[in-house]
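Beneath this line is the structure, given in C-alpha cells, with notes to follow.
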Amino acid sequence: MVIAPLDANTMAKISCGLCDNLLTCTIRAWDVKKPLLFCPAMNTFMWEHPITSVQVKQLIHMGYTHIPPIKKTLACGDTGVGAMAEVPIIVSHVKNHLQRTSDQTDQDVS
C-alpha cells in the first residue's frame, strides 16, 4: 500500500491507532507482513513540529516505510520542507519494494 500524500491529521490518527474513516480502517486491518509506504505532505511548520517526528518514528516502528517530504514552495505560499516527494522518487521506492519481495519469493522457492 502507498499512502501519497499522507497529511498531518491522518498521520496522527494512524500513529495512535485510530480508525474512523475508510483509509484509517483499511490501514488498521492491513496485513503487517505486507509493505506500507507513506509519503507525508504538510505545511513546513506542521512538518517541523516536534510531534510530527514522534509520529513518523511510530509509523516506522510499526514497519512502515517513510518516503520523506521535500523542500519547495507549498500550496500555502511558504517555501520549506513539507511537499510530498516527487512521483518518480515514490515510484522508485515502490519498485525497490517489489524487487525485494520478488527476490525473497525466489529465495523461498529455492
Side-chain angles (χ1 to χ4, degrees):
M1 177 186 293
V2 178
I3 308 168
L6 175 60
D7 63 28
N9 182 56
T10 305
M11 181 188 297
K13 289 179 179 188
I14 297 166
S15 69
C16 292
L18 297 177
C19 46
D20 64 352
N21 60 44
L22 180 60
L23 177 60
T24 57
C25 285
T26 302
I27 293 166
R28 185 68 181 262
W30 190 250
D31 181 349
V32 294
K33 295 177 200 128
K34 295 181 180 178
L36 186 148
L37 293 77
F38 66 99
C39 310
M42 60 193 74
N43 172 276
T44 301
F45 292 112
M46 295 171 95
W47 177 251
E48 293 175 348
H49 193 282
I51 195 68
T52 303
S53 64
V54 171
Q55 292 168 348
V56 168
K57 287 176 187 172
Q58 176 62 23
L59 295 180
I60 292 168
H61 176 74
M62 291 163 49
Y64 303 156
T65 300
H66 177 221
I67 303 174
I70 60 172
K71 180 179 179 179
K72 67 189 269 186
T73 301
L74 307 172
C76 63
D78 291 344
T79 299
V81 176
M84 185 180 78
E86 299 290 340
V87 172
I89 298 298
I90 297 169
V91 170
S92 173
H93 281 272
V94 170
K95 285 182 176 179
N96 287 340
H97 270 279
L98 291 172
Q99 183 61 47
R100 280 192 296 234
T101 302
S102 174
D103 291 347
Q104 287 174 351
T105 302
D106 291 346
Q107 290 175 2
D108 292 343
V109 172
S110 304

For this session: Give a yes or no on whether Ile70 and Leu74 share a hydrophobic cluster (residues Ile, Leu, Val, Met, Phe, Trp, Tyr; joining criterion: side-chain heavy atoms under 4.5 Å apart).
Result: no
Exercise. Restricting to pairs with a member in residues 35-48, which pass salt bridge (charged side-chain N to carboxylate O under 4.0 Å, His left out), not counting sequence neighbours?
Worked result: none
For this session: Answer yes if the side chains of His93 and Thr65 hold a donor-acceptor pair under 3.5 Å, and no otherwise.
Result: no
For this session: Find the distance between CG (Asp7) and CG (Asn43) and round it off to the nearest 0.5 Å.
Result: 12.5 Å
Problem set entry | Nearest atoms (heavy-atom pairs only) where Pro68 meets Ala85 | O-CB, 3.5 Å
For this session: Could you walk me through whether Ile3 and Ile27 pass side chain to side chain contact (heavy atoms under 4.5 Å, CB included), step by step?
Result: CA-CA 10 Å; Ile3 308 168; Ile27 293 166; 3.2 Å; yes
Exercise. Should we say atom CD1 of Ile89 is surrounded by more than 12 heavy atoms from elsewhere, each under 6.0 Å from it?
Worked result: no
Exercise. Relative to each other, are the rings of His66 and Phe38 parallel, tilted or perpendicular (30° and 60° limits)?
Worked result: parallel
For this session: Test side chain to side chain contact (heavy atoms under 4.5 Å, CB included) on Ile67 and Val2 and set out the steps.
Result: CA-CA 10 Å; Ile67 303 174; Val2 178; 5.6 Å; no
Exercise. Should Ile90 and Met84 count as side-chain neighbours, where that means a heavy-atom distance under 4.5 Å?
Worked result: yes
Exercise. How many angstroms lie between atom OG of Ser15 and atom NZ of Lys57, to the nearest 0.5 angstrom?
Worked result: 13.0 Å
Exercise. Taking the side chain as C-beta and beyond, is there a heavy-atom pair between Thr26 and Met1 under 4.5 Å?
Worked result: yes
Exercise. Are Leu36 and Ile60 in one and the same hydrophobic cluster, where Ile, Leu, Val, Met, Phe, Trp and Tyr link if side-chain heavy atoms are under 4.5 Å apart?
Worked result: yes
Seminar exercise, completed: In short, Gly82 meets Trp47 closest at the heavy-atom pair CA-CB, 4.5 Å
Problem set entry | Chi angles and distances behind the side chain to side chain contact (heavy atoms under 4.5 Å, CB included) call for Met42, Thr52 | CA-CA 10 Å; Met42 60 193 74; Thr52 303; 4.2 Å; yes
For this session: Heavy atoms only: give me the nearest Leu18-Thr24 pair and the separation to one decimal.
Result: O-CB, 3.5 Å
Exercise. Same cluster for Leu23 and Met62 if Ile/Leu/Val/Met/Phe/Trp/Tyr side chains link at under 4.5 Å?
Worked result: yes
For this session: Measure from the side-chain N and O atoms of Thr44 to the backbone N and O of Val81, and report whether any donor-acceptor pair falls under 3.5 Å.
Result: yes
For this session: Please step through side chain to side chain contact (heavy atoms under 4.5 Å, CB included) for the pair Ile14 and Gln55, ending with a clear verdict.
Result: CA-CA 9 Å; Ile14 297 166; Gln55 292 168 348; over 6 Å; no
For this session: State the NZ-CG distance between Lys13 and Leu6, to the nearest 0.5 angstrom.
Result: 11.5 Å
Exercise. If you measure from NE2 on His97 to OG on Ser92, what distance do you get to the nearest 0.5 Å?
Worked result: 10.0 Å
Exercise. Given Trp30, which of Lys33, Lys34, Arg28 fulfils the side chain to side chain contact (heavy atoms under 4.5 Å, CB included) condition?
Worked result: Lys34
